[in-house]
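Data first, discussion second: the structure below is written as C-alpha cells.
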Amino acid sequence: MRLVIIGAGFAGMYAALSAARLRDIQGVSPEELEIALVAPEPTLVVRPRLYEQKPETLTAPLLDVLKSIDVVYVQGSAETVDTKSRMVQIATAKGTRKSLSYDRLVVATGSRLFRPNIPGLAEHGFSVDQLDDAIALDKHLHGLANRPEKNGRDTVVVAGGGFTGIEAATEMPARLRKILGKDAKPRVIIVDRNNAIAPDMGEGPRPVIEDALRKLGVETRLGAGVASLDQSGVTLSNGEHIETETVVWAAGIRAAPLTQQIPAERDNFGRLLVDRCLQVPGVPGVFATGDAARAACDDVGNYALMSCQHATRMGAFAGNNAAAELLGVPTKPYHQKAYVTCLDLGEAGALFTRGWERKVEMVGEVAKKSKQEINTVWIYPPQAKRAAALASADPERVTDL
Ligand SMILES: Cc1cc2nc3c(=O)[nH]c(=O)nc-3n(C[C@H](O)[C@H](O)[C@H](O)COP(=O)(O)OP(=O)(O)OC[C@H]3O[C@@H](n4cnc5c(N)ncnc54)[C@H](O)[C@@H]3O)c2cc1C
C-alpha cells in the first residue's frame, strides 16, 4: 500500500508526520504501508517569514526528519494526477519523469500569489510570496545602495494592505536604513483599493495598525488600485504617479495550480472543497489540506484560512485520515476552534489577537516576543528524533492554541 503526499510545506510536513505516527501506533511496517512525500526540495520554506531580511536563510531541512520516521522523499514536482488510475506523474529538475501509483493521495500543494494582468506588473513587480521572490527582492534592495539617490530610489510601494502587505511594509523602513545608511529617509507607501487598511482584520485591531504605520512613517493610499507599472514607478487608478524602483505586490493569493487536476469543486481561491475528514467528495482516495483545501473548522460556520496555523493542523488530520483508511481504523473529523493572529509591525512591535472576532490581546513589545517565538520556534519542523517527531504530530494536539 502506498500513501503519496504532494507538497512539503506546513501541511505536507505534518501530513507525513501524522501518517507515520498512526502507522507506528498500529504496528505496521514501512514496507506494508509506504508513505512518500513529493516536493521539489527536501526543505520547509518558512513562508510566514519571507518579508524579513536574509530570506535565503529562511528554510529548514526535512530529509533527516523524514528519514527518522521512515517517510520516503521523492524529489520533483507533481505535473499530473490521474485520479482514475491513481497515478501521479513527477518531473525532476534534471528533466526526467517518473510515475508513482497511490492508494491514498494527500494534495498539500499550498498556494501562490495571484498576479493580475496589470501592465508592467510581470516585468517590474516584486513579491515576498515564494523563496525565490523574496531573495530577488532582497537582492534588488541591496542593489539600490549603488544607484543614484533620485527617481524614487528610496521609495517602496507595497500593493495590498492586508496581512502580508502590512508585514512587508512595516519591516521596510528599518530594512532600507540598514542598506542605505542610518541617515537615509526611506519612504514606504501602502496602496489598497479598499477604503480601510487591513480590510479583513476588522475594526478592533485597525487602530493599533494605524498607530504603528504613523509611528513608522508608512504612508497609505486607500481607495485606489495599482493601474500600471513602468521603469519610472507606479500609476494608481486615481491618476497619481509615484516614482519608485520598488513595487512589492502583496494582493491576492490562489491555491497552487495542481488542484485544478482534481475533478472536483473549488472555491474562488482555487481551493478544493473537502468534507470534515478533509477528503475530496466524489474523488475516491484523494484528500486535500492546507492552503489547497477549503475546510470547515467548527460547526458554527468558520472555515480554515490560508494560514500556517490552519495548514499545520489540517495537514496532521489529512495525513492521519489518509493512513487511517489504509490501516482500517476510524478517521477523525478535522476541527480547530481556537484562532489567533500575530501580525508583525516592524519596529512598532506586533499585534496579537484571539478569536474569530479578532479581539486585541497583546500589542507592542509583548506581542513582538510572541511573534518572534512563533517565527523562530513554533513553525519549524520537529527534531529528527523518531519518537519526538512522531509525538509532535498528534492531530488533536497540533496547533492547539
Ligand atoms: C510573507 C508571508 C507572510 C505570512 N504570514 C503568516 C502568518 O503570520 N501567519 C500564518 O498563519 N500564515 C502566514 N502566511 C501564510 C502561510 O505561509 C501559508 O498559509 C502556509 O505556508 C500554507 O502552508 P501549506 O503547506 O498549505 O502551503 P505552502 O507552505 O505553500 O507549501 C506548499 C508546498 O507544496 C509544494 N508544491 C507546490 N506544488 C507542487 C507540485 N506540483 N509538486 C510538488 N510539490 C509542490 C511547494 O514546493 C511547497 O513545498 C504568510 C505567507 C506569506 C507569503
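Indexing begins at 1, ligand by ligand and atom by atom, following the structure's order.
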Region of Ala108 engaging ligand 1 - heavy atom pairs below 4.0 Å = backbone
ask   = Can you find a non-hydrogen atom of His310 under 4.0 Å from ligand 1?
value = no
key: Heavy-atom nearest option to atom 48 (C) of ligand 1, drawn from Gly315, Ala288, Gly9   = Gly9
query = Is it the side chain, the backbone, both or neither of Ala78 that has a heavy atom closer than 4.0 Å to ligand 1?
reply = both
request  = Tell me which part of Thr164 gets within contact of ligand 1: side chain, backbone, both or neither, using heavy atoms under 4.0 Å.
outcome  = side chain
message = Applying a heavy-atom cut-off of 4.0 Å, say which part of Lys371 lies close to ligand 1: side chain, backbone, both or neither.
response = side chain
inquiry  = Tell me the protein heavy atom at minimum distance from atom 27 (O) of ligand 1, and give that distance in Å.
reply    = Gly110 CA, 3.1 Å
Where ligand 1 meets Phe10 - atom numbers and elements under 4.0 angstrom, heavy-atom basis = 20 (C), 21 (O), 23 (O), 25 (O), 29 (O)
ask   = Is it the side chain (CB and beyond), the backbone, both or neither of Arg47 that lies under 4.0 Å from ligand 1, heavy atoms counted?
value = both
ask   = Nearest to atom 15 (C) of ligand 1, what protein heavy atom do you find, and at what distance?
value = Met306 O, 4.0 Å
query = Cation-pi between Arg294 and Tyr303: NZ/CZ under 6.0 Å from ring centre and within 45° of the ring axis?
reply = yes
request  = Could you tell me whether Arg86 and Asp82 have a side-chain N and a carboxylate O separated by less than 4.0 Å?
outcome  = no
request  = State whether the shortest distance between N or O atoms of Tyr51 and N or O atoms of ligand 1 falls below 3.5 angstrom.
outcome  = no
request  = Report yes or no: is the cationic atom of Arg2 (NZ for Lys, CZ for Arg) closer than 6.0 Å to the six-membered ring centre of Tyr102, at no more than 45° off its axis?
outcome  = no
key: Heavy atom of protein closer than 4.0 angstrom to atom 7 (C) of ligand 1   = yes
request  = Kindly confirm or rule out an N or O of Cys308 lying under 3.5 angstrom from an N or O of ligand 1.
outcome  = yes
message = Is it the case that ligand 1 has an N or O less than 3.5 angstrom from some N or O of Ala256?
response = no
query = Between Glu52 and Glu167, is any pair of side-chain heavy atoms under 4.5 Å apart?
reply = no
ask   = So how far is it from Met306 CE to Thr164 OG1, rounded to the nearest 0.5 Å?
value = 11.0 Å
message = So, regarding Arg49 and ligand 1 (criterion: nitrogen or oxygen to nitrogen or oxygen, under 3.5 Å), is there a contact or not?
response = no
query = If you look at every heavy atom in Met172 and Leu137, which pair is closest and at what distance?
reply = CE-CD2, 4.4 Å
ask   = Quick one: does ligand 1 sit under 4.0 Å from the side chain of Glu167, the backbone, both or neither, non-hydrogen atoms only?
value = side chain
inquiry  = Tell me if the aromatic rings of His310 and Tyr339 count as close, with their centers under 6.0 Å from one another.
reply    = yes
task = In plain terms, say whether Arg47 and Asp129 are close enough for a salt bridge, that is, a side-chain N and a carboxylate O under 4.0 Å apart.
result = yes
message = Considering both backbone and side-chain atoms of Asp129, is one of its nitrogen or oxygen atoms within less than 3.5 Å of a nitrogen or oxygen in ligand 1?
response = no
query = Polar-atom distance check: Ala11 versus ligand 1, any N or O pair below 3.5 Å?
reply = yes
Where ligand 1 meets Pro40 - atom numbers and elements under 4.0 angstrom, heavy-atom basis = 43 (C), 44 (N), 47 (O)
message = For atom 4 (C) of ligand 1, what's the nearest protein heavy-atom neighbour? Residue, atom name and distance, please.
response = Pro48 CA, 3.3 Å
Salt-bridge present (Arg221, Glu219; N to O < 4.0 Å) = yes
key: Option nearest atom 39 (C) of ligand 1 (shortest heavy-atom distance, choices Thr109, Val45, Ile90)   = Thr109
NZ/NE/NH1/NH2 to OD/OE distance under 4.0 Å, Glu203 and Arg206 = yes
key: Heavy-atom nearest neighbour in the protein, as seen from atom 49 (O) of ligand 1, with distance rounded to 0.1 Å   = Ala8 N, 3.2 Å
task = Say whether Gly76, considering both its backbone and side-chain N or O atoms, lies within less than 3.5 Å of an N or O atom on ligand 1.
result = no
